[in-house]
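Please read these numbers as outputs of a predicted model, since none were measured by experiment.
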Amino acid sequence: MKQGVLVTGGTGYIGSHTVVELIEAGYEVIIVDNLSNSEESVIDGIEAITGVRPDFVKADCRDIVALEELFDKGKFNSIIHFAAAKAVGESVEKPLEYYHNNLLSLINIISLMRKYNVPNLVFSSSCTVYGQPDVLPATEQTPRLEAESPYGNTKRISEDIIRDSVKAYGTIKSIALRYFNPIGAHPSALIGELPRGVPNNLLPYVTQTAAGIREVLSIFGDDYNTPDGFCIRDYIDINDLAAAHVAALDRMIGSKMKESYEVFNIGTGRGVSTMEIVKTFEKVNDLNLNYRITGRRAGDIEAMWADPTYANEELGWYARKSLYETLRSAWKWQQRLSGLEISKD
């Protein structure tokens, strides 16, 4: 019998790619999403890739009554929790909305896990909990610093809620995956990142500029203490990131956890500068981007990349996609969205 998994926020960017990986790994998936930052049509893409249409329920994880109806049907014994608001800048402007959404949804999930004896939780965390570390790369032992934004603080508080709940109740196991910077799309170009309005992340802005949707790409700051003066991040292919969730779930279900609560960095182990992304994107896709260098953006840290050794050793997970493959997939996805002819490899 297939293992059932509830994926909250499963029509979102990371959620949809993870659903594909779960289905291909033999899991039976139920998606719950309120579609506040995604489209139901994403499910068509998932079905086209996998041949399986996952069950979908439109509901908000803050609505415990709607959520309990799902738990009451008893079709899953694991949860992957993505459902959260995630725009750093918006969280500064609307902190109460972020605390209410991100924390209440998690509290509801854990409360119902206790009530219905659902034992396994994979949590979508973030490297934002590290702030700007004194030493790089960041390991799981790198101290968590005071958050730079309400969004980052919700991830830190969520980790604490999970850790304390696991310790107190004894019936729940959890793995928190601290993501670095997911980019790219499924190689089929059938699912990918769907930012609403002006993108908050670098690569969608790059692809939209290449497609003519944005007039110019602004690069914030070229005077950082880095080899080329630009910010450095650890950019991980979305498909590699999705696969980490399957590895985490397999670890829990296979009773391979060393502790009831574990944390893993999910990154490539390599820092890439903003300008390196731009230049590599141009080279890979044979394009010229219209960009300008402006002043630094408030809140941006200088450099961040992961040491993924612990995930490599314990989860048996590795970042496998090259930056070339990832930037190709991102452009093919944008071409499909924009109705452009999709480049051939």
Side-chain angles (χ1 to χ4, degrees), residues 7-22 31 33-50 80 82-91 124-128 151 177 179-214 217-218 233-245 266-268 272 274 277-278 280-281 284-285 287 289 319 321-340 342-343:
V7 181
T8 73
T11 57
Y13 176 42
I14 303 173
S16 59
H17 288 79
T18 300
V19 169
V20 166
E21 293 287 332
L22 288 166
I31 295 172
D33 202 307
N34 65 1
L35 302 178
S36 62
N37 197 34
S38 60
E39 304 290 340
E40 191 172 347
S41 60
V42 168
I43 297 170
D44 297 332
I46 293 170
E47 183 180 20
I49 294 166
T50 65
I80 301 181
F82 294 109
K86 63 176 185 176
V88 171
E90 184 182 58
S91 78
S124 165
S125 193
S126 168
C127 66
T128 56
Y151 161 73
L177 301 180
Y179 310 157
F180 281 68
N181 294 70
I183 59 172
H186 193 271
S188 67
L190 291 169
I191 57 172
E193 190 167 6
L194 270 173
R196 290 188 172 176
V198 179
N200 290 298
N201 298 326
L202 173 63
L203 201 56
Y205 217 112
V206 166
T207 61
Q208 288 188 12
T209 302
I213 298 168
R214 306 289 163 194
L217 167 70
S218 294
R233 297 291 183 269
D234 189 335
Y235 293 97
I236 180 168
D237 187 277
I238 186 64
N239 303 283
D240 283 338
L241 175 59
H245 297 80
I266 305 299
T268 67
V272 178
T274 305
I277 287 286
V278 169
T280 306
F281 181 86
V284 164
N285 296 301
L287 293 166
L289 284 170
K321 298 278 189 180
S322 68
L323 188 58
Y324 179 100
E325 291 175 281
T326 304
L327 295 179
R328 284 288 290 148
S329 71
W331 177 231
K332 287 169 74 173
W333 166 245
Q334 184 64 61
Q335 288 175 304
R336 180 173 176 271
L337 285 182
S338 301
L340 303 172
I342 296 178
S343 306

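For Ser218, the side-chain contact (heavy atoms from CB on, under 4.5 Å) criterion is met by Phe220, Arg292, Thr294, not counting sequence neighbours. For Glu47, the salt bridge (Lys or Arg N to Asp or Glu O under 4.0 Å) test picks out Arg53, with sequence neighbours left out. Residues meeting the side-chain contact (heavy atoms from CB on, under 4.5 Å) test with Gln335, sequence neighbours left out: Trp331, Lys332, Leu340, Ile342, Ser343. For Ser91, the side-chain contact (heavy atoms from CB on, under 4.5 Å) partners at least two apart in sequence or on another chain are Tyr98, Ser149, Pro150, Tyr151. Scanning for side chain to side chain donor-acceptor pair (under 3.5 Å) contacts around Asn285 gives Arg328, with sequence neighbours left out. Taking Thr18 as the reference, Ile14, Leu22, Ile80, Phe82, Ala242, His245 meet the side-chain contact (heavy atoms from CB on, under 4.5 Å) condition, with sequence neighbours excluded. Listed by chain and number, the residues in a side chain to side chain donor-acceptor pair (under 3.5 Å) with Asp237 are Asn239, Thr326 (sequence neighbours excluded). By the side chain to side chain donor-acceptor pair (under 3.5 Å) test, Tyr205 pairs with no residue at all, sequence neighbours left out. For Thr207, the side chain to side chain donor-acceptor pair (under 3.5 Å) partners two or more places apart in sequence, or in a different chain, are Gln334.
Using a 4.5 Å cut-off on side-chain heavy atoms (C-beta onward), Asp44 and Leu190 make no contact. Residues Ser329 and Lys321 fail the side-chain proximity criterion, which asks for heavy atoms closer than 4.5 Å. By the 4.5 Å heavy-atom criterion applied to side chains, Asn37 and Lys86 are counted as neighbours.
Annotation for Arg214 and Gly197: closest pair NH2-O, 3.2 Å, computed over non-hydrogen atoms. Residues Val7 and Val19 share a closest heavy-atom pair of CG1-CG2, 4.1 Å. Nearest heavy-atom pair, Ala83 versus Thr8, reported as atom, atom and distance to 0.1 Å: N-OG1, 3.2 Å. In plain terms, the two heavy atoms of Ser16 and Val42 that are nearest each other are CB-CG1, 3.5 Å. Closest of all the heavy-atom pairs between Ala185 and Ile238 is N-CG2, 3.7 Å. Shown here for Ile46 and Gly10, the closest heavy-atom pair between the two residues is CD1-O, 4.4 Å.
Using modelled atom types, one side-chain atom of His17 and one backbone atom of His186 make a donor-acceptor pair closer than 3.5 Å. With hydrogens and angles disregarded, no donor-acceptor distance shorter than 3.5 Å links the side chain of Asp234 to the backbone of Gly267.
Of the inter-residue distances, the one linking Ile277 atom CD1 with Leu202 atom CG reads 6.5 Å to the nearest 0.5 angstrom. Here CG of Leu177 is found 5.0 Å from CD1 of Ile266. Values are rounded to the nearest 0.5 Å. Here Cys127 contributes atom SG and Ile236 contributes atom CD1; the two are 10.5 Å apart, rounded to the nearest 0.5 Å. Between atom CD1 of residue Ile43 and atom CD1 of residue Ile191 there is a gap of 11.5 Å, rounded to the nearest 0.5 Å. Taking CZ of Arg233 as the start and OG1 of Thr274 as the end, the distance is 7.0 Å to the nearest 0.5 Å. To the nearest 0.5 Å, atom OG of residue Ser125 and atom OH of residue Tyr179 are 8.5 Å apart.
Within the structure, the salt bridge (Lys or Arg N to Asp or Glu O under 4.0 Å) test picks out the following pairs touching residues 186-196 (sequence neighbours left out): Glu39-Arg196. The stretch residues 201-211 participates, sequence neighbours left out, in no salt bridge (Lys or Arg N to Asp or Glu O under 4.0 Å) pair at all.
Applying the side chain to side chain contact (heavy atoms under 4.5 Å, CB included) test between Tyr235 and each of Leu203, Asn181, Leu327 identifies Asn181 as the sole match.
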